[in-house]
Structure formats: structure tokens, C-alpha cells
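Chain letters run A, B, ... following the sequence lines, proteins first, then strands; residues in each count from 1.
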Number of protein chains: 2
Amino acid sequence: MPSLTRKAETFSALVLEVFQLNGLLLQAGDRLSAPAGLTSARWQVLGVIDHGPATVAAVARTMGLARQSVQQTADALAKEGFVEYVDNPHHQRAKCVSLTAAGRRALRKVEQAHAAWADRLGASIAPALLAAAVEGVREARLRLEKDLGVEARPHEG
Amino acid sequence: MPSLTRKAETFSALVLEVFQLNGLLLQAGDRLSAPAGLTSARWQVLGVIDHGPATVAAVARTMGLARQSVQQTADALAKEGFVEYVDNPHHQRAKCVSLTAAGRRALRKVEQAHAAWADRLGASIAPALLAAAVEGVREARLRLEKDLGVEARPHEG
DNA sequence: GAGCATTTGACAGGAACCTGTCATAATGAC
DNA sequence: GTCATTATGACAGGTTCCTGTCAAATGCTC
């Protein structure tokens with residue numbers, strides 16, 4: 001690499017750590033949700049609409065993903081019976097994604113496993129260090145969002 | 001969610017932050033490497049073999065990815081002329097991936113942009129906070145690796 | 001050296017994200 | 001009310017990761 005400053009090196013170290021942790025978290029999420037017949041991505045969508053039915057576009061905005069990514073996940077969930085599209089009084093075309101009984105059952109199951117997992121991991125790290133990690137990563141995220149410009153989130157094509 | 005403990009809530013907050021930061025970092029990486037005709041994934045492979053030619057399997061181990069993921073990226077890089085497969089004296093079948101002149105040129109270009117970017121971002125965060133973030137995320141990664149078991153990295157199928 | 005396990009690249013297929021394009025529904029300017 | 005703009009879902013296609021399977025090359029045991 002072309003001589004990085006000390007700050008640049010520390011930031012790069014954070015990048016590498018975040019990449020690796022992200023991969024492990026996805027792996028852990030898949031493991032938590034697999035017994036319920038779900039994956040990380042599908043579980044997260046169910047979690048969003050647990051607060052109430054929402055359109056695909058609204059879910060995408062909540063999750064910070066592209067609209068079409070969530071569309072694909074929602075279609076898959078519908079095909080497998082975890083969600084259903086219900087009429088939206090506010091929009092003729094944009095139906096709402098709603099949990100089915102099976103979806104709610106699966107979600108509850110994953111949430112129980114998730115609670116135990118998060119407690120186990122959260123308790124394994126010194127509270128001050130864990131809090132500092134959250135704060136530091138949030139700060140980095142905010143700076144990066146600003147650095148990337150207002151177009152930080154995926155938008156329409 | 002089913003009543004999470006305080007530690008579990010903090011850990012979950014870290015998870016959400018890491019997911020979001022990861023997405024933004026990929027976006028930033030793509031933006032840095034696009035002017036050189038690369039993407040985040042391809043740039044990273046070039047970075048590994050900049051230290052010297054290596055087999056696809058060796059690159060995968062270095063990056064912590066599945067062998068076949070890197071195989072695909074390397075094949076794409078070869079097709080576009082950024083790398084070439086050269087004979088490996090130690091193995092008849094497993095050729096080494098080696099930078100071409102064009103690959104080296106592209107890599108240098110991205111590295112310059114990356115250095116400026118990392119310095120800008122690294123300097124925008126209080127040094128103590130940045131260091132704490134690195135330490136906290138690393139700790140979380142290590143705990144999670146242990147929690148997931150020895151099978152933490154992708155392995156052969 | 002013969003035989004078996006491991007490593008490797010090739011090939012196939014799937015999951016989850018992305019972008020772009022299109023027609024339709026909603027919204028806002030006038 | 002009309003018309004341009006925006007939001008939305010459907011559809012198509014691409015990238016990057018994954019897994020599984022196979023044959024060839026290597027390495028290890030004996």
C-alpha cells in the first residue's frame with residue numbers, strides 16, 4: 001500500500017474487522033433462523049412487519065436496502081407461506097405484506113433463540129468495551145454516510 | 001422482541017450498526033475502485049496477490065472466503081486482463097494468479113484513492129473513539145468466532 | 001510403490017444483494 | 001381537471017457470496 005497515515009491505518013483496520021464480523025454475524029443469523037425454516041434475510045423482513053403490515057417499499061426503507069431486494073425476499077416468503085399480500089386501503093397497487101400464522105410462529109421461534117444468543121454474546125464482552133464499540137461504529141457509519149453524500153441509501157433506478 | 005437483557009440489547013445494537021456500516025463500506029469501496037475498472041471484491045483480490053503470485057485456494061484462505069468465491073472473481077479478473085494464470089512449480093494443476101501490467105496499474109490507481117479516503121475518514125473521528133471501535137469490534141469478532149465453533153471459516157464441501 | 005485422504009480447479013446451482021426498465025397508481029403544480 | 005413528477009411492483013439481468021460434486025494432483029501411511 002502507498003504509505004497510509006496512522007489514522008488511515010486505524011480506519012482500515014476497522015474496515016477489515018467490520019467485514020469479518022459482518023460475515024460471522026450473517027453466519028450466526030442463518031444458524032439461529034434455520035431451525036424455523038428461515039434465513040437471516042427472511043427473518044429480518046418478518047421482524048419488520050411484526051410491528052404491522054407494510055408495503056415492500058416501506059420495508060426496504062426501514063431496512064436500508066434496495067426496494068427490489070426486499071421484493072424478492074417478500075415474494076419468497078409469500079411462496080413459502082410465512083407472509084401474505086393483503087389489500088392496502090391507501091394504494092390500489094402496493095399491497096401490504098402481512099405475517100401469516102406460520103410466519104408469526106417461525107418469528108417467535110427465532111426470536112427466542114436470538115435472545116439467548118445475544119445475551120450470551122453481550123455478556124461475554126466487557127460492558128464498557130461493548131458500549132464503546134457501538135458508539136465508535138455508529139460514529140464511523142455517520143461519517144461515512146456524510147462522506148458518501150446524500151445518496152447514502154440505495155435509491156430508485 | 002421477547003424481552004432482551006440490557007447486554008443483549010447493546011449487542012444487538014452493535015449488530016445493526018455493523019450491518020449498516022458494512023453496506024456503506026462496500027458502496028465506498030466500489031466507488032473507489034470503479035475509476036480503475038474494478039469493484040471492491042476484485043480490488044481486494046488484486047491487493048492480496050500484489051505481495052506475490054498465489055493460487056486461488058491460497059488467496060481464499062487469506063481473505064477468509066470460500067475457495068470458489070475467489071475462483072469466480074479470479075476468472076473474471078483474468079478474462080478482463082488484470083491477472084493471468086502462471087505455472088506453479090509446486091503444483092501441476094493449481095496455477096498461480098499473477099498481476100499483469102494492467103492489473104498493477106489499476107491497483108496502484110485504487111490504492112491512491114483509498115489512501116486519501118481512509119485518511120479523510122480516519123481523521124474525522126476522535127482517535128480514542130476510533131481505537132475503541134477497532135478494539136471492541138475485534139473482541140466481538142473473536143467471541144463470535146469462538147461461539148460459532150472451530151468451523152468459523154468457510155471450509156471445503 | 002500402492003492405497004487412501006486431502007487439496008485443488010472446474011462445473012453447476014442457489015441466495016441475497018444490486019441496477020435498470022416498464023406500466024400503473026398516487027401526488028402535486030398550475 | 002390536466003399534466004408532469006414521483007412511487008410502486010413486475011420483470012430482466014448482473015455481481016458476489018455460498019454449497020455440493022467431480023476428477024486430477026498431491027501427500028501420507030504402510
From [atom1] of [X] over to [atom2] of [N], roughly how many Å is that when rounded to an integer?
X: A:Met63; N: C:dA16; atom1: CE; atom2: P; result: 11 Å
X: A:Glu80; N: C:dG14; atom1: CD; atom2: P; result: 14 Å
X: A:Asp75; N: D:dA10; atom1: CG; atom2: P; result: 6 Å
X: B:Leu77; N: D:dT15; atom1: CG; atom2: C1'; result: 12 Å
X: A:Leu25; N: D:dC18; atom1: CG; atom2: C1'; result: 17 Å
X: B:His90; N: C:dT6; atom1: NE2; atom2: P; result: 23 Å
X: A:Asn88; N: D:dG9; atom1: CG; atom2: C1'; result: 12 Å
X: A:Arg67; N: C:dT19; atom1: CZ; atom2: C1'; result: 11 Å

OP1 or OP2 of [N] less than 4.0 angstrom from a side-chain nitrogen or oxygen of [X], does that happen here?
X: B:Gln92; N: D:dA25; result: yes
X: A:Arg42; N: C:dA16; result: yes
X: B:Thr39; N: D:dT16; result: yes
X: B:Ser69; N: D:dC18; result: yes
X: B:Gln71; N: C:dA10; result: yes

(message) Whether the A:Asp30 and A:Thr39 side chains hold a donor-acceptor pair (N or O, under 3.5 Å, no angle test) is what I'd like checked.
(response) no

(request) Report the residue (B:Ala58 or A:Ala76) whose heavy-atom-nearest nucleotide on DNA chain C is the more 5′ of the two. (result) B:Ala58

(request) Identify, between B:Lys95 and A:Pro89, the residue whose nearest nucleotide on DNA chain C lies closer to the 5' end. (result) B:Lys95

(message) Please check if the number of heavy atoms outside A:Arg120 that lie under 6.0 Å from its CZ is greater than 12.
(response)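 Yes, the 6.0 Å shell around CZ holds more than 12 heavy atoms from other groups.
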
(request) Classify the side chain of A:Gln72 versus the base of C:dA15 as yes if they form a donor-acceptor pair under 3.5 Å and no if they do not. (result)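 Check fails, no donor-acceptor contact within cut-off.
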
(request) Assess whether one donor atom and one acceptor atom, taken from the side chain of B:Arg93 and the base of D:dA23, lie less than 3.5 Å apart. (result) yes

(message) I'd like to know if A:Arg6 pairs up with B:Asp119 as an ion pair, taking the criterion as any Lys NZ or Arg NE/NH1/NH2 lying under 4.0 Å from an Asp or Glu carboxylate oxygen.
(response)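 B:Asp119 and A:Arg6: not salt-bridged.
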
(request) Please determine if A:Glu135 and A:Arg138 form a salt bridge, counting it only when a charged side-chain N lies under 4.0 Å from a carboxylate O. (result)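 Looking at A:Arg138 together with A:Glu135, the answer is no, because their closest N to O distance does not fall below 4.0 Å.
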
(message) As a test of reading the structure: which of D:dC17, C:dG9, D:dG9 is closest to the side chain of B:Thr55, going by heavy atoms?
(response)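 Out of D:dC17, C:dG9, D:dG9, the nucleotide with an atom closest to B:Thr55's side chain is C:dG9.
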
(request) Might you point out which heavy atoms bring A:His114 and B:Leu4 nearest each other, and give the distance in Å? (result)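 Smallest heavy-atom distance, with atoms named: CE1-CD1, 4.3 Å.
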
